[in-house]
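Chain letters run A, B, ... following the sequence lines, proteins first, then strands; residues in each count from 1.
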There are 2 protein chains.
Amino acid sequence: MDDMTLEMPAHGAAGARIASELRDAILTGEQQPGARILQNDLADRHGASRLPVREALRMLEAEGLVTLVANTGAWVSRLSLVECEEMYQMRERLEPLLLRYNVPLLSDEVLDRLTVLADAMESSDDVEQFLRLDREFHLSCYSAAQTSVLGDTVLRLWNRTQHYRRAFTRVFRSEGDRSVHHEHQLLVSAIGGHDIDGAERILADHIRRTRLELARHPDVFDN
Amino acid sequence: MDDMTLEMPAHGAAGARIASELRDAILTGEQQPGARILQNDLADRHGASRLPVREALRMLEAEGLVTLVANTGAWVSRLSLVECEEMYQMRERLEPLLLRYNVPLLSDEVLDRLTVLADAMESSDDVEQFLRLDREFHLSCYSAAQTSVLGDTVLRLWNRTQHYRRAFTRVFRSEGDRSVHHEHQLLVSAIGGHDIDGAERILADHIRRTRLELARHPDVFDN
DNA sequence: TCCAACAGGATTGAATACAATATAAGCAAA
DNA sequence: TTTGCTTATATTGTATTCAATCCTGTTGGA
């Protein structure tokens with residue numbers, strides 16, 4: 001043995017590493033929908049050849065974050081209102097199921113954290129911070145159960161809609177609706193009380209209400 | 001323009017073509033779960049280099065049909081009973097939604113076809129034929145609406161569980177349970193009567209019952 | 001002025017060649 | 001005989017190179 005640090009081999013992971021960084025860039029909004037992605041650019045920026053870049057693009061295409069056209073190029077994926085509504089409807093069906101898997105397993109520590117997050121969202125006035133808190137809140141609800149596909153599928157739906165959730169939050173928060181926070185509190189207490197059916201209903205309604213609000217702001221999808 | 005035949009360029013589609021053939025091989029059962037996939041073999045068999053083969057493997061990995069391990073190799077994906085049950089639970093939630101999208105759009109021709117398929121299944125005694133009919137029956141229910149992710153997600157769940165549905169059908173059909181056929185008939189009439197909520201319920205129950213039967217045959221997942 | 005055909009350049013797709021890694025067989029020592 | 005190490009081979013990962021395709025700016029004509 002050469003070394004005491006257990007090191008993951010740098011070989012065989014170049015594509016995954018590049019994909020991970022590009023994914024982050026898309027989720028933070030640094031890369032906007034519609035933006036062209038050049039293979040050479042990415043390769044140079046990561047000091048690699050175009051080959052692992054192509055693999056990274058394939059991975060992100062599978063996640064729906066990147067759109068590939070043969071012989072033509074890659075772009076950060078756009079979403080129409082109709083597509084976004086479809087994904088929200090999928091979330092309405094899948095997230096309650098995922099929550100059901102998690103409720104019996106969530107620790108008191110996570111439950112406390114949920115309360116902290118819900119409170120922080122109420123007093124937050126920065127859009128980016130709100131988005132981070134909201135994402136952590138919901139994903140924390142799913143952090144206890146080890147699922148093989150359900151968790152991934154839900155996470156992908158979150159990622160694909162991330163940009164539009166940001167744009168929507170900007171225009172919606174100014175309207176001063178408090179019911180989002182109310183629903184978060186209801187959800188925490190239902191989870192705390194191990195009321196699985198109640199938690200499922202609250203979560204489905206929460207996502208549904210957001211979808212309906214989203215439909216009132218189609219301008220978010222212009223351009 | 002050189003030619004009147006509008007030809008899709010053979011360039012830029014090698015990976016997709018290889019993926020398509022390997023996918024078929026897995027779905028027909030020609031390639032069994034656990035089977036090793038050598039890049040060189042696939043490349044030689046398709047008269048291509050290993051590069052498009054790697055892209056094909058990445059695509060099938062994203063679909064869950066192939067499992068890749070860095071620096072090691074690729075195998076046809078296995079499923080445990082727990083994973084399979086999870087996918088069936090996802091189907092219980094997603095397929096009713098997909099059906100809801102389709103019911104208002106399904107033509108009389110498709111409806112007639114559904115009746116033919118349901119009848120053919122009742123009188124079929126060959127497992128492979130039953131599987132083909134059942135797959136066509138359910139996927140036909142989803143053939144009218146153009147969804148962007150929901151349809152793909154459901155199709156992938158069908159594909160990932162295909163092998164185990166085959167194995168399960170072998171042992172289950174011998175038990176002579178008729179309720180599957182009854183549910184198919186109920187579903188057709190609910191769809192024909194544009195009873196969306198009823199159709200959703202019947203379909204969810206249908207999938208749920210299959211999941212419970214599946215759990216009674218864990219031996220299907222041995223080895 | 002507008003449109004179509006035509007280079008030219010830029011970009012992607014695939015093949016070959018080489019490096020890194022993992023598996024397996026053989027060998028030595030306990 | 002078994003265990004651990006070593007070496008050989010097979011397989012995968014990446015870089016380099018060349019070919020096919022697409023986009024763009026330009027030029028010629030109507």
Side-chain angles (χ1 to χ4, degrees), chain A residues 1-23 25-26 31 34-63 65-78, chain B residues 1-23 25-26 31 34-63 65-78:
Chain A
M1 187 183 301
D2 47 349
D3 197 81
M4 271 306 159
T5 67
L6 84 145
E7 54 197 282
M8 152 170 308
H11 202 68
R17 199 180 43 248
I18 296 171
S20 172
E21 294 197 18
L22 182 52
R23 186 187 300 112
I26 295 173
Q31 291 279 350
R36 177 70 185 270
I37 303 167
L38 276 343
Q39 297 183 0
N40 272 324
D41 276 18
L42 264 183
D44 292 348
R45 208 171 315 145
H46 289 85
S49 85
R50 278 172 39 220
L51 226 128
V53 169
R54 293 171 61 85
E55 298 215 338
L57 292 176
R58 282 252 174 266
M59 296 183 206
L60 295 181
E61 185 197 26
E63 297 176 23
L65 291 178
V66 162
T67 302
L68 295 180
V69 178
N71 296 314
T72 307
W75 289 263
V76 178
S77 295
R78 279 180 204 284
Chain B
M1 187 183 302
D2 49 348
D3 198 50
M4 271 305 158
T5 66
L6 83 146
E7 54 195 282
M8 155 170 308
H11 204 66
R17 193 160 31 86
I18 295 172
S20 171
E21 295 196 19
L22 181 53
R23 185 186 302 111
I26 295 173
Q31 292 278 349
R36 176 74 184 269
I37 304 167
L38 276 341
Q39 296 183 359
N40 274 325
D41 276 18
L42 264 184
D44 293 347
R45 208 172 315 147
H46 289 84
S49 85
R50 277 172 40 220
L51 230 125
V53 168
R54 292 174 60 83
E55 298 213 341
L57 291 176
R58 282 254 176 267
M59 296 184 208
L60 296 181
E61 184 196 26
E63 296 176 23
L65 291 178
V66 163
T67 301
L68 294 180
V69 179
N71 296 314
T72 306
W75 290 264
V76 178
S77 295
R78 280 181 205 282

Which parts of residues 44-61 of chain B get close to DNA chain D, meaning a heavy atom less than 4.0 angstrom away? B:R50, B:R54
Length of the line joining A:R17:CZ and D:dG13:P, which is rounded to integer Å: 14 Å
Distance in angstrom units between A:H11 NE2 and C:dA22 C1', rounded: 11 Å
Using atom CG of B:N40 as one end and atom C1' of D:dG13 as the other, report the distance to the nearest whole Å. 13 Å
Report the distance from atom CG of B:N40 to atom CZ of B:R45, rounding to the nearest 0.5 Å. 11.0 Å
Using whole Å, what does the distance between atom C1' of nucleotide C:dG13 and atom CG of A:N71 come to? 7 Å
Please give, in whole Å, the distance from C:dT12 C1' to A:W75 CH2? 10 Å
Using a 4.0 Å heavy-atom cut-off, does A:L68 contact any base of the nucleic acid, only the sugar-phosphate backbone, or nothing at all? nothing
For A:T72 and A:A14, take the nucleotide of DNA chain D holding the closest heavy atom to each; which residue's nucleotide lies nearer the 5' end? A:A14
Nearest 0.5 Å, what's the CD-CD1 distance between A:E21 and A:I26? 12.5 Å
Using a heavy-atom cut-off of under 4.0 Å over every strand shown, decide if B:A70 touches base, sugar-phosphate, or nothing. sugar-phosphate
Just so I know, are the side chains of B:V53 and B:D41 near enough to count as touching, which here means a heavy-atom distance under 4.5 Å? no
If we check side chain to side chain contact (heavy atoms under 4.5 Å, CB included) with B:L60, which of these qualifies: B:L68, B:V76, B:L22? B:L22
Below the 4.0 Å mark, does D:dC22 have OP1 or OP2 next to a side-chain nitrogen or oxygen of A:R36? no
Pairwise salt bridge (Lys or Arg N to Asp or Glu O under 4.0 Å) hits with a residue in residues 52-61 of chain A, at least two apart: A:R54-B:E55, A:E55-B:R54, A:E55-B:R58, A:R58-A:E61, A:R58-B:E55
Measure from CD on A:Q39 to P on C:dT11 and round the result to the nearest Å. 11 Å
Does a side-chain heavy-atom distance below 4.5 Å link A:T67 with A:S77? yes
